[in-house]
Amino acid sequence: LKAILIVCDGLADRPIDELNGRTPLEVAKKPFIDKLAGLGATGIMDTIAPGIPPGSDTAHLALFGYDPHEVYRGRGVFEALGAGLKVESKDIAFRCNFATVDSELRVVDRRAGRISTEEAGELSKSLRNLTSKKHPDVKIIFKHSTEHRGALILRGRGLSRQVSDSDPEGREVKIQRVKALDNSGEARKTAEILNELTEMTYKILNKNPINLRRKQAGKPPANIILFRGAGQMPTVTSISEIYKIKAACVVPNALVRGVAVAAGMTPINVPEATGTVETDTVAKAKAAVNALAKNDLVLIHVKGADNASHDGNLKQKIRMIEKIDEMLEYLLENLDMNETYIFLTPDHATPIKLQNHVGDPVPIVMAGSGIVKDDVNFFSEKTCAKGGLCRLRGINLMPIIMNYLGKIEKFGA
Ligand SMILES: [Zn+2]
């Protein structure tokens, strides 16, 4: 028995005026997601707890069976894992952005005009041998991932994740000096290194020929690196160890891939999957079906609906639901449902109107051999609230999946 878990980032929503009070899930054409609902059981789920707006990282920790309040130690570490860096237990890791600043280090564009992966990759070559003059004992590792994104690891003695961000998260504001968030020497040392790195990356990148060319072409130069989300490895036992299974994941988004890697899943690269609304969902489904041959559990993560929601783009969100439906069509046609379970859920709601995560429950559906069907055959926030699963917590999901796979040992005699 095998299982596919599909997490649709930010898919759930609230009633929208333009849709006469309906939600994107209620208006999108999604016959195969609805078919899945008809085959199995539905319910609603509080990923972390009722009313708590989850981050995508903490939401996925919960979905993988961990208590995020207990294990979460900052997002940076997941960005680093997701970018393919090996992270050691005492490393401090950061999410990085290539950004554009003026000569007074005011941020003009936090994403350097969404610089291409190729150009940012070229630029990152000049950041290979960074060393702190003040703290040369600390190893500095920078890795670019996609577009403007990257990750940084500080490795050495006496470091702390208790530091603020340099990223001001706005436009036309000066880059922030990184501050120690407690009185420890470790936090001070870490902040000093980051402030040194901020100036260093500006000096190196601003004169890079690629940026000179960008300026000539009227494009914003990617002339500084912003740091945020200091994090450290969570101390978790991998799900492969807990349940004695093999798990893989198809997750183009670096943050969520990092959480999956931390949970012990093997990442599978699908070149057609982009982590954006342009993604090829069927290519992801194909890769997942292939991966099931060698794995008990395969996670597919789809980011597009969350991106559309953060941009307030209703049309794109609806289109994304229809693309997820194409994925379900492929899965339902190519999987033996006597042997395979399919679970589908958002990690949280990101209402179009608010363009941000909220703490509403999300609809969930699961189907496969032995799952008792309920009367719901349409997948939405409203209908799933009437489903047989009633109201779950995110942390319950992994044991539920593993119970159907026969991987949970009996508790008691
Ligand atoms: Zn999310």
Side-chain angles (χ1 to χ4, degrees), residues 5-14 23-25 44-69 71-72 74-79 81-83 95 145-147 149 169 228-229 231 234 249-263 265 267 273-277 279 281 284 299-314 316-318 320-321 323-324 327 343-365 379 381 392-395 397-398:
L5 168 59
I6 305 162
V7 181
C8 309
D9 212 296
L11 189 71
D13 213 298
R14 288 180 177 176
T23 67
L25 275 174
I44 54 174
M45 180 165 69
D46 298 290
T47 323
I48 293 178
I52 307 297
S56 290
D57 44 10
T58 50
H60 281 82
L61 279 173
L63 296 177
F64 301 157
Y66 307 107
D67 180 351
H69 292 293
V71 304
Y72 186 65
R75 77 178 280 184
V77 66
F78 301 121
E79 298 282 359
L81 288 169
R95 160 67 195 261
S145 56
T146 54
E147 294 176 316
R149 307 176 190 94
E169 306 231 3
R228 71 181 193 275
C249 63
V250 180
V251 184
N253 174 266
L255 175 70
V256 176
R257 184 168 53 222
V259 182
V261 168
M265 299 183 192
T274 57
T276 68
V277 286
T279 197
T281 48
K284 290 165 96 160
L299 165 76
I300 306 175
H301 178 260
V302 189
K303 180 71 180 164
D306 189 57
N307 292 351
S309 307
H310 282 289
D311 292 343
N313 191 331
L314 177 58
Q316 225 168 43
K317 185 163 190 175
I318 292 170
M320 206 52 228
I321 296 169
K323 284 175 86 164
I324 294 167
M327 172 189 269
F343 298 79
L344 184 146
T345 182
D347 58 342
H348 50 75
T350 312
I352 285 278
K353 212 168 146 185
L354 301 173
Q355 301 183 16
N356 220 334
H357 303 184
V358 294
D360 304 4
V362 296
I364 175 168
V365 54
F379 185 76
E381 297 82 353
L392 304 171
R393 287 283 177 101
I395 199 167
L397 181 64
M398 199 47 71

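All ligand and atom numbering here is 1-based and tracks the order in the structure.
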So, Asp306 and Ser56: side-chain donor and acceptor under 3.5 Å apart, yes or no?
->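 Looking only at side-chain atoms, Ser56 and Asp306 do not form any donor-acceptor pair under 3.5 Å.
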Classify the ring geometry of Phe78 against Tyr72: parallel below 30°, tilted from 30° to 60°, perpendicular beyond 60°.
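Phe78 and Tyr72: parallel rings.
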Handout entry: Under the salt bridge (Lys or Arg N to Asp or Glu O under 4.0 Å) test, residues paired with Asp13 that sit two or more places apart
Key =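 With sequence neighbours excluded, Asp13 shows a salt bridge (Lys or Arg N to Asp or Glu O under 4.0 Å) to Lys317, given in chain and number order.
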Next on the checklist: Taking salt bridge (Lys or Arg N to Asp or Glu O under 4.0 Å) as the definition, give me every residue that meets it alongside Glu79, ordered by chain and number, with sequence neighbours left out.
Outcome noted: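 Applying salt bridge (Lys or Arg N to Asp or Glu O under 4.0 Å) to Glu79 gives Arg75, Arg95.
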- Task: Return the name of the atom in Asp9, of element N, O or S, nearest to the Zn ion (ligand 1).
- Result: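 For Asp9, the N, O or S atom at the smallest distance from the Zn ion (ligand 1) is OD1.
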Discussion item. Could you identify the N, O or S atom of Asp347 positioned closest to the Zn ion (ligand 1)?
Written reply: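 Closest N, O or S atom of Asp347 to the Zn ion (ligand 1): OD2.
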So that I can check it, does any N, O or S atom in Ser56 come closer than 2.8 Å to the Zn ion (ligand 1)?
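It does; at least one qualifying atom falls short of 2.8 Å.
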- Closer than 2.8 Å to the Zn ion (ligand 1), do we get an N, O or S atom from His357, backbone or side chain?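 Of the N, O and S atoms in His357, none lies under 2.8 Å from the Zn ion (ligand 1), which means no.
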